[in-house]
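Take a look at the structure below.
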Amino acid sequence: MSLFEQIGFLFTSYDIPAAFWVNIQLSFWAAIGALVIGTVLGLMRVSPVPSLRWLGTSYVTLLRNTPLTVIMLFLVLGVWGQLKIELAPDFNTNFFLFAIVGLAIYHAAFVCEAVRSGINTVPLGQAEAARAIGLSFLPAARLVLLPQAVRGAVAPLGNVLIALIKNSTVAAAASVATETSSVMKTMIEFNGNMTVLIFMIFALGYVILVVPIGLLTTWGSRRLAVSR
Amino acid sequence: MTTEQTPEHAPEQTPAPSTSPSPAPSTSQDAPARPLVHLARVNKHFGSLHVLRDIDLDVAKGEVVVVIGPSGSGKSTLCRAINRLETIDDGVIELDGKPLPAEGKELARLRSDVGMVFQSFNLFAHRSILENVTLGPIKVRKVKPKEAKEQAMALLERVGVASQADKMPAQLSGGQQQRVAIARALAMRPKVILFDEPTSALDPEMVNEVLDVMVALAKEGMTMIVVTHEMGFARKAADRVVFMSDGQIVEQADPESFFTNPQSGRARDFLGKILTH
Ligand SMILES: Nc1ncnc2c1ncn2[C@@H]1O[C@H](COP(=O)(O)OP(=O)(O)OP(=O)(O)O)[C@@H](O)[C@H]1O
Ligand SMILES: [Mg+2]
């Protein structure tokens, strides 16, 4: 078979775009979850309440230092397997949702750090002025701190998103068999003579997914500049 | 020269705080008026540094108090303690007869009644001039946006920057920004405004435009606590000068007596230094 024929063979025998679509969906929902949880954690870490700060710090320390595979296995074997907590009656949907949860809670720790570093770029005087006109913590954060923190947080958030998309392949550990790395493994198993080509197809796929995000965040952090 | 020396002058011109549930402070002739701001035996440490030492200070409604003293004497800390941007270790701080709340909603309400003007202006960098002034009334006082905007425009008019309303803070000169900051504080209809060296970050030619606004405010009966080394302002507008050194209030007097005849050695020293400049 020529190279061209090999590519044609692989794409007709396996639904590669569908595998990527699974990872895109996992990444999309996990990114939203991570953004929400991470922002709440970031606010907890700069809040005036010591116990909330402590909770935020503990979460980040615990989740950031645990391998994602371990988190995924814990969710599937521990939370689902032993504790019998089910997110959906359908077997595949259940694992798909667990994979989203695992990705979200893990990356939330990194989002938290990105949000916090964004908040740290906002001069202290802004928060003091907000407090001085009588805004309490959450309104001050929403109206004054976060809008100015976004700019400094965009680049690190972009990095988290890139890592998240690549890490979505760890969903395989949560028994999501339709995602890219699982499909890739099957393909290699049955087509050992095309291993290098298969790797290159998947690598290229991820590059195509991830590169625009880098460009977008660079553009975004320039667009959002606040002049002082 | 000050035209009015009594602390209780012209209280009727102070904008009445619209949302305060507290009874109006008594100004009856027989009983001495309760001070608007009351500090007793206030102490504060930064680590081993004792920055406020047994501070006693009463400020009456309508009174203008200038706080003066060498660098590091605790003037900013005193100011910031009054709206609890800085916590204190012990002692009492009361506003309008009520002790400062510790945290949360109550503290936010207190802060909305105490205006603060910072050395570095601290206008909200991502909001227009107009929004800087309307944000507090709309979000804290729940004033309708349209009404808040009208009031803000009137205030900006009063401090002379109405034509800049749609610009961003970074587009304004320091003097203009500080006047906006004063308008922002006034928009909350505060009971008292704290000024922490409001003109010391300004180019010399802009100092007077800010001081003029402050003198006008003082004449209208606003209660003000002003950390400044501007003796011209103190002479024109202050009822009292409080001299701090090493975290203590060393002496206080009306501006004329303080500047011409300081009692303590430390005050004489200090005045000697700033007067030779
Ligand atoms: N957050 C802080 N942590 C530690 N020390 C502080 C802090 N803020 C102020 N200090 C110290 O407390 C002392 C009093 O500071 P403060 O700012 O109140 O003085 P000040 O009279 O306003 O001086 P200046 O005229 O320079 O503004 C100084 O020695 C200062 O270094
Ligand atoms: Mg100071």
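Predicted model only: the values in this text are computed from it and were never measured. Order of the sequence lines sets the chain letters (A, B, ...), proteins ahead of strands, with each chain counted from 1. Basis for what follows: all heavy atoms, side chains included, without hydrogens, waters or symmetry-related copies.
Applying the ring pair (Phe, Tyr, Trp, His ring centres under 6.0 Å) test to B:His38 and every residue at least two apart in sequence or in another chain returns nothing. Applying the side-chain hydrogen bond (donor to acceptor under 3.5 Å, both in side chains) criterion to A:Tyr206, with sequence neighbours excluded, gives A:Asn23, A:Thr180.
For a heavy-atom cut-off of 4.5 Å, chain B lies close to A:Leu143, A:Val144 in residues 137-146 of chain A.
Summarising the geometry, atom CD1 belonging to A:Ile133 is positioned 11.5 Å from atom CG belonging to B:Asn122; distances are rounded to the nearest 0.5 Å. For the atom pair CD (A:Glu128) and CD (B:Glu86), the distance works out to 7.5 Å, reported to the nearest 0.5 Å. One finds the CZ atom of A:Arg131 at 14.5 Å from the OG atom of B:Ser112 (value rounded to the nearest 0.5 Å).
Ranked by heavy-atom pairs shorter than 4.5 Å toward chain A, the options B:Arg184, B:Met116, B:Arg111 are led by B:Arg111.
Using a 4.5 Å cut-off between heavy atoms, B:Phe124 touches chain A through backbone and side chain atoms alike.
Heavy atoms from other residues, nucleotides or ligands lying under 6.0 Å from CZ of B:Phe46 number more than 12. Crowding of B:Glu157 atom CD: a count of heavy atoms from other residues, nucleotides or ligands under 6.0 Å not exceeding 12.
Under the 3.5 Å distance criterion, the side-chain polar atoms of A:Gln126 are matched with a main-chain donor or acceptor of B:Leu123.
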Return a table of donor-acceptor pairs under 3.5 angstrom between the side chains of residues 81-89 of chain A and protein atoms on other chains or two or more places apart.
from, atom 1, to, atom 2, distance (Å)
A:Lys84, NZ, A:Gly81, O, 2.9

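Scanning both residues, A:Ala132 and B:Phe118, for their nearest heavy atoms gives CB-CZ, 4.1 Å.
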